Student: 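Quick one: structure below, then a few questions.
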Amino acid sequence: MSCRDIQEKVQSLLDETVTSGRDMGMQLAVYRKGELIANAWAGVADTDTKEPVTEHTMFPSFSVTKGIAATLLHSLADKGALDYEQRIAEIWPGFAKHGKEDIRIRHALTHTSGLPQMPENITASALNDWDDMCGVMEDMKPLWAAGERLEYHALTYGWILGRVIELVSKKSFAEFFRQEILAPLGLIHMYIGIPEKVQANSSIAKVYEPGFDRKNMNTTGIISIPECCMPMCDWINRGDTLQACMPAVNGMFNALSLARHYAALLPDGVDGVRLLSEETVKKATEIAPINLSPDGAGGFGLGYYAGLYEQKTAFGAAGYGGSVAFADVEHRYSLALTKNLFRQDGAEVEIIRAVQKMLDVPRA
């Protein structure tokens, strides 16, 4: 199928999904062998203002953010600046408190550090303070020994690994993000903590979840997402939430930037740019907890993660509400889908499967 045919079919898919009411605003971008072959968008970014989604609209994408943070951590390993088996406390001495001296970088990457929990009564304003939250991570006590159990680190993932990134790179998280990903790829619609002035002049989608139910949150009995973040969409739509640095959860991206980022992790690269060596990408997708599910391998989810991309040669990150971005090593493509209506009817899965069929990617 030609690139033009793929572009037209992808655009039709998004138009039909929005027109049917299954979603409100969407973007989808696909790179294959380093070339952009589809970049489509449809719907509205904000129901109050009726602002249409454009190519440049950025969508709050929740845990899609974790994949970007993982790339930054792996870039330091690629340079030989850290080792996955290194104890975090060797880099961050304050982290050793309360029995955390043996937690390794690998444990934080794979959600097995024993620190998935958040303080029960923490406030939204406290979450916005980077230094304070890193201090909270220092004061936390693991719920179990490192490597013993996998429990998704919904928020803590970002502050733990983000501080490691800062200390090793000797740059702020934002500076290192700009140096390692944004500048090499020429990306300007990608933020983890957007400056207030930029936010005021940007197209940012509002996210909606009409059927939000607190009963579906914190089902394990562990408070990994505190009450101050409920409902999730109301919290992430707040200006101060988007301006904070939370490398696990508050990234704002357009689909084109996400797809370009993942394309630059594949052997073909993008416009001569590769963010990580082939060896490091291989290690990143092989790192997994011992005797545990490899869903959290190397900070990226593997192929069956979240049930969205199915191919075991794919790696990436899916976010609360359905946004997703990933790359497929074997089939040499990357895909990103962003959306703003959160409903569990499988529309995004159907779209991804349809695109895979266009690319002749077999079902797993």
Side-chain angles (χ1 to χ4, degrees), residues 1-20 22-23 25-43 55 59 61 63-64 66-68 71 253-270 281-282 284-285 294-295 297-298 300-339 341-364:
M1 188 178 295
S2 70
C3 292
R4 180 176 179 178
D5 288 342
I6 292 172
Q7 172 66 31
E8 290 177 353
K9 287 182 177 294
V10 167
Q11 186 64 63
S12 293
L13 275 173
L14 298 195
D15 289 339
E16 291 167 8
T17 303
V18 168
T19 300
S20 69
R22 297 184 73 188
D23 219 296
M26 307 183 80
Q27 299 168 327
L28 190 145
V30 183
Y31 276 82
R32 182 169 57 183
K33 298 180 182 179
E35 298 294 328
L36 180 65
I37 61 170
N39 185 27
W41 53 90
E55 175 184 19
F59 286 71
S61 299
S63 286
V64 173
K66 291 181 175 71
I68 306 302
T71 296
F253 319 105
N254 69 344
L256 180 60
S257 295
L258 285 168
R260 188 170 173 84
H261 157 263
Y262 277 101
L265 297 178
L266 294 174
D268 299 289
V270 178
V281 171
K282 188 173 186 292
T285 54
D295 288 0
F300 300 114
L302 296 183
Y304 42 82
Y305 177 68
L308 286 177
Y309 12 107
E310 294 193 339
Q311 302 304 317
K312 292 184 179 180
T313 55
F315 63 93
Y320 179 76
S323 291
V324 61
F326 64 92
D328 187 321
V329 177
E330 181 176 344
H331 301 99
R332 297 171 66 185
Y333 77 98
S334 67
L335 182 151
L337 182 149
T338 53
K339 62 195 295 292
L341 180 60
F342 295 3
R343 54 189 301 178
Q344 296 180 355
D345 71 347
E348 64 271 16
V349 180
E350 292 174 21
I351 290 171
I352 291 170
R353 288 175 177 168
V355 173
Q356 289 173 331
K357 187 175 181 179
M358 294 176 206
L359 301 177
D360 294 322
V361 175
R363 291 284 294 273

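Small disclaimer: the values here were computed from a predicted structure and weren't measured.
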Student: Taking the side chain as C-beta and beyond, is there a heavy-atom pair between Thr17 and Met26 under 4.5 Å?
Tutor: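 Thr17 vs Met26: side chains touch.
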
Student: Could you pull out the closest heavy-atom pair between Ala336 and Ala259, with the gap in Å?
Tutor: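 Looking at all heavy atoms of both residues, the closest pair is CB-N, 3.6 Å.
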
Student: Which heavy atom of Phe326 sits nearest to which heavy atom of Ala314, and what is that distance?
Tutor: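 Taking Phe326 first and Ala314 second, the nearest heavy atoms are CD1-CB, 4.0 Å.
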
Student: Would a 4.5 Å heavy-atom cut-off, applied to side chains only, mark His261 and Ile68 as touching?
Tutor: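 Touching, per the 4.5 Å side-chain cut-off.
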
Student: For Tyr333 and Tyr31, I'd like to know if the aromatic rings sit close, meaning centre-to-centre distance below 6.0 Å.
Tutor: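 No, they do not, as the ring centres are separated by 6.0 Å or more.
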
Student: Report yes if the side chains of Val281 and Phe315 come closer than 4.5 Å at any heavy-atom pair, otherwise no.
Tutor: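 Yes. Closest side-chain heavy atoms under 4.5 Å.
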
Student: How about Ile6 and Val10: do any of their side-chain heavy atoms sit closer than 4.5 Å?
Tutor: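 A side-chain contact under 4.5 Å exists here.
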
Student: Heavy atoms, side chains only, cut-off 4.5 Å: are Ile352 and Val324 in contact?
Tutor: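 Result yes, sub-4.5 Å side-chain heavy-atom pair found.
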
Student: Which heavy atom in Leu337 sits nearest to a heavy atom in Gly322, and how many Å separate them?
Tutor: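 Scanning both residues, the minimum pair turns out to be CD2-O, 3.9 Å.
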
Student: Measure the CG-CG distance between Leu335 and Leu258 for me, rounded to the nearest 0.5 Å.
Tutor: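 Answer rounded to 0.5 Å: 10.0 Å.
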
Student: With sequence neighbours left out, what residues match Lys357 under side-chain contact (heavy atoms from CB on, under 4.5 Å)?
Tutor: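 Partners of Lys357 by the side-chain contact (heavy atoms from CB on, under 4.5 Å) criterion come out as none, since no residue qualifies.
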
Student: Taking the side chain from Thr19 and the backbone from Asp15, do they hold a donor-acceptor pair closer than 3.5 Å?
Tutor: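 Such a contact is found between Thr19 side chain and Asp15 backbone.
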
Student: After noting the C-alpha distance and the side-chain angles of Phe59 and Phe253, does the key distance pass the ring pair (Phe, Tyr, Trp, His ring centres under 6.0 Å) rule?
Tutor: CA-CA 5 Å; Phe59 286 71; Phe253 319 105; over 10 Å; no

Student: Checking Ser63 against Lys66: is there a side-chain donor and acceptor pair closer than 3.5 Å?
Tutor: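 Yes, Ser63 and Lys66 have a side-chain donor paired with an acceptor closer than 3.5 Å.
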
Student: For Ser334, give me all partners under side-chain hydrogen bond (donor to acceptor under 3.5 Å, both in side chains), at least two apart in sequence or on another chain.
Tutor: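 Checked Ser334 against side-chain hydrogen bond (donor to acceptor under 3.5 Å, both in side chains); zero matches.
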
Student: Can you confirm whether the side chains of Glu55 and Asn39 place a donor and an acceptor under 3.5 Å from each other?
Tutor: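 Distance-only check passes for Glu55 and Asn39.
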
Student: Are the side chains of Leu266 and Lys33 in contact, using a 4.5 Å heavy-atom criterion?
Tutor: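 Heavy-atom side-chain distance check fails, nothing below 4.5 Å.
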
Student: Where is the tightest heavy-atom contact between Ala264 and Val270, given as atom of each residue plus distance?
Tutor: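 Answer, listing the atom of Ala264 first, then Val270: N-CG2, 3.7 Å.
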
Student: Distance check, rounded to the nearest 0.5 Å: Glu348 atom CD versus Arg353 atom CZ?
Tutor: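 Answer for the CD-CZ pair, Glu348 versus Arg353, is 10.5 Å.
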
Student: What heavy-atom pair brings Asp5 and Met1 nearest, and what distance separates the two atoms?
Tutor: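 Answer, listing the atom of Asp5 first, then Met1: CB-CG, 3.4 Å.
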
Student: How long is the straight-line distance from NZ of Lys9 back to OG of Ser2, given to the nearest 0.5 Å?
Tutor: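 Separation between the atoms: 9.5 Å.
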
Student: Is there a side-chain contact between Arg332 and Asp328 (heavy atoms, below 4.5 Å)?
Tutor: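 The answer is no, as the side chains (C-beta and beyond) never meet within the 4.5 Å cut-off.
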
Student: Could Arg22 and Glu16 be called an ion pair, given the rule that one side-chain N must be under 4.0 Å from one carboxylate O?
Tutor: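 Glu16 and Arg22: not salt-bridged.
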
Student: Please determine whether the number of non-hydrogen atoms from other residues, nucleotides or ligands lying under 6.0 Å from atom CD of Glu35 exceeds 12.
Tutor: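 Not more than 12 within 6.0 Å, no.
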
Student: Looking only at atom types and distance, does a side-chain atom of Gln27 sit under 3.5 Å from a main-chain N or O of Ala255, one as donor and one as acceptor?
Tutor: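 Confirmed, Gln27 side chain pairs with Ala255 backbone.
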
Student: Looking at Leu36 and Ala38, what are the two nearest heavy atoms and their distance?
Tutor: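 Nearest pair, atom of Leu36 first, then Ala38: CD1-O, 3.4 Å.
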
Student: Flag the pair Asp23 and Lys339 as a salt bridge only when some basic side-chain nitrogen lies within less than 4.0 angstrom of an acidic carboxylate oxygen.
Tutor: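 Yes, this pair counts.
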
Student: If we ignore angles and hydrogens, is there a donor and acceptor under 3.5 Å between the side chains of Asn254 and Ser257?
Tutor: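 A pair is found: one side chain offers a donor N or O, the other an acceptor, under 3.5 Å apart.
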
Student: So do Val30 and Leu28 actually touch side chain to side chain, heavy atoms under 4.5 Å?
Tutor: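 In short, these two side chains touch, coming nearer than 4.5 Å.
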
